[in-house]
Visitor: 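Below: one structure in structure tokens.
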Number of protein chains: 2
Amino acid sequence: MVKRRTQPNNVSHPAEQAFRAFVRTWGLFRNTMEPYFASFGISGAQWGVLRLLMRSEQEGARSLRLTEIGERLLVRPPSVTGLIDRLERMGLVARKPSRVDRRATEICLTPQGRRLAKRVHRRHGHQIRSVMSTFTIAETRQLHDLMLRMAAHLEKLEQTRPGHEAQR
Amino acid sequence: MVKRRTQPNNVSHPAEQAFRAFVRTWGLFRNTMEPYFASFGISGAQWGVLRLLMRSEQEGARSLRLTEIGERLLVRPPSVTGLIDRLERMGLVARKPSRVDRRATEICLTPQGRRLAKRVHRRHGHQIRSVMSTFTIAETRQLHDLMLRMAAHLEKLEQTRPGHEAQR
DNA sequence: ACCATTTAGTTAGGAACCTAACCTTCTTGT
DNA sequence: ACAAGAAGGTTAGGTTCCTAACTAAATGGT
């Protein structure tokens, strides 16, 4: 019985420690953010959509397609369908058929959705700075840099993953 | 109409940039890890449970309570119930009533669950190092440190949050 | 001793993800 | 021109999370 490539018990590779810390921190982050969004009557994912629509309005685009929303939020089409269904039922968002492509649906904010998005946006900077307030500016930039690098790496991994032909 | 505490359009605070990068990276991370776990026929959450049980076996404790599992995985009791239900149905885990506390249930690995956990564990180091392979060792340690600090901060925030009496 | 509270776990119902399979409509190769 | 394939979106069914409300057992104060 040969022991190979195995760390001594309880002493793991630095990569594994960082990996676990990342997972755990995400859990705590989620547990912090969801109640915050709930205080506005929405979820984190819903804020993602509202924010995206608000942004694209500011850039002159009045609406987005489901597919575009999914790509930007890293979520697959069926999830977007459900997300938009609920936002539409809440009166925050509206679907309208695209003129140029009869398969496509355009999503835009309703006036009520726009008001809510602005209300959240006004408080959001506060919330973010509160969550990030343990870090100095230098550390914040370090984190930003590490996250961008990791994201780029994961995107590259995804492209080279087997069984990855036509999807996404 | 006074503009206060608002960043010029599209140029956000460093904290906000890091925050967004963290969220986006998590999305990519999830999209990488879930298919990996799926190749073993389990989910990330299920691996969390199997790993915890494997660890506690190594430390001499043959079983864990639902509540303990939930605390360690940062998940609430009803989620643990469902998670264990499915693992039990898959034959990877078994429930048995505690002798010392008739309210409590002890969860332990079945032989099949133990075999699977070991099989995943053998590949897991590889997978982790592949995900983290963009980082130098120094950067990995930096990430680890930042994550631990952020986790500690979020735990502190949680304790000072209003409406937080007897839960968790 | 006994009643009130706390703790362990479950159930019910809802949101956010996923894959697989499907219908339409657009695009493209011949 | 037209059939094959790609692309936009939905439906079906499953997992993982949540809160609220519940049962049963343990604990603790008087």
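Heavy-atom basis, side chains included; hydrogens, waters and symmetry copies ignored. Letters go in sequence order (proteins before strands), and every chain restarts at 1.
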Visitor: Listed by chain and number, what are the side chain to side chain contact (heavy atoms under 4.5 Å, CB included) partners of B/Gln142, not counting sequence neighbours?
Guide: A/Gln142, A/Leu146
Visitor: Quick one: pull up CG in B/Leu50 and CZ in B/Phe37 and give me the separation to the nearest 0.5 Å.
Guide: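 Reported to 0.5 Å precision, the distance equals 10.0 Å.
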Visitor: Quick one: B/Trp26 CH2 to C/dC17 C1', roughly how many Å, whole number?
Guide: 13 Å
Visitor: Please, which pairs that meet side chain to side chain donor-acceptor pair (under 3.5 Å) have at least one residue in residues 36-49 of chain B, sequence neighbours excluded?
Guide: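 Only B/Tyr36-B/His124, B/Trp47-B/His124 qualify under side chain to side chain donor-acceptor pair (under 3.5 Å).
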Visitor: Let me know the distance between CG of A/Leu92 and P of C/dA15, rounded to the nearest Å.
Guide: 13 Å
Visitor: Distance-only criterion, 3.5 Å: show the donor-acceptor pairs between side-chain atoms of residues 78-88 of chain B and protein atoms not counting sequence neighbours.
Guide:
from    : atom 1 : to      : atom 2 : distance (Å)
B/Thr81 : OG1    : B/Pro77 : O      : 3.3
B/Asp85 : OD1    : B/Arg95 : NH1    : 3.0
B/Asp85 : OD1    : B/Arg95 : NH2    : 2.9
B/Arg86 : NH2    : B/Gly82 : O      : 3.4
B/Glu88 : OE1    : B/Arg95 : NH1    : 2.6

Visitor: Given D/dG9, is OP1 or OP2 found less than 4.0 Å from the side-chain N or O atoms of A/Thr67?
Guide: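 Result: yes.
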Visitor: Please list, chain by chain and in numerical order, all residues satisfying side chain to side chain contact (heavy atoms under 4.5 Å, CB included) with A/Leu148, sequence neighbours excluded.
Guide: A/His144, B/Ala21
Visitor: For nucleotides 13-17 of chain D, print each protein N/O atom paired with a nucleotide N/O atom at under 3.5 Å, atom names and distance only.
Guide:
from   : atom 1 : to      : atom 2 : distance (Å)
D/dT16 : OP1    : B/Ser43 : OG     : 2.3
D/dT16 : OP1    : B/Gln46 : NE2    : 3.4
D/dT16 : OP2    : B/Arg86 : NE     : 2.4
D/dT16 : OP2    : B/Arg86 : NH2    : 2.7

Visitor: Among residues at least two apart in sequence or on other chains, which ones pass salt bridge (Lys or Arg N to Asp or Glu O under 4.0 Å) with A/Arg51?
Guide: none
Visitor: Applying salt bridge (Lys or Arg N to Asp or Glu O under 4.0 Å), name anything that partners B/Glu155, two or more places apart in sequence or on another chain.
Guide: A/Arg24
Visitor: What's the CD-C1' distance between B/Glu68 and C/dT7, to the nearest Å?
Guide: 14 Å
Visitor: May I have the distance from A/Glu71 (atom CD) to D/dG9 (atom P), rounded to whole angstrom?
Guide: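 Distance, rounded to whole Å: 10 Å.
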Visitor: Please classify the nucleic acid contact of A/Thr81 as base, sugar-phosphate, or nothing, using heavy-atom distances under 4.0 Å.
Guide: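 Answer is base: heavy atoms of A/Thr81 come under 4.0 Å of a base.
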Visitor: Polar atoms only, N or O, under 3.5 Å: list the protein pairs with nucleotides 23-26 of chain D and their distances.
Guide:
from   : atom 1 : to       : atom 2 : distance (Å)
D/dA26 : OP1    : B/Arg102 : N      : 3.0
D/dA26 : OP2    : B/Arg102 : NH2    : 3.3

Visitor: Is any side-chain heavy atom of B/Thr32 less than 4.5 Å from a side-chain heavy atom of B/Gln127?
Guide: yes
Visitor: For A/Asp85 and for A/Ala104, find the nucleotide of DNA chain D with the closest heavy atom, then tell me which residue's nucleotide is more 5'.
Guide: A/Ala104
Visitor: In chain order, what residues pass the salt bridge (Lys or Arg N to Asp or Glu O under 4.0 Å) check against B/Glu139, with sequence neighbours excluded?
Guide: A/Arg149
Visitor: Please give, in whole Å, the distance from D/dG8 P to A/Ile69 CD1?
Guide: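 In whole Å, D/dG8 P lies 13 Å from A/Ile69 CD1.
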Visitor: Could you pull out all residues at least two apart from B/Asp145 that satisfy side-chain hydrogen bond (donor to acceptor under 3.5 Å, both in side chains)?
Guide: none
Visitor: Give me each pair satisfying side chain to side chain donor-acceptor pair (under 3.5 Å) with a member in residues 106-115 of chain A, each pair once, sequence neighbours excluded.
Guide: A/Glu57-A/Arg114, A/Ser63-A/Glu106
Visitor: Pick out the pairs of N or O atoms, protein on one side and nucleotides 2-5 of chain D on the other, that lie under 3.5 Å.
Guide:
none

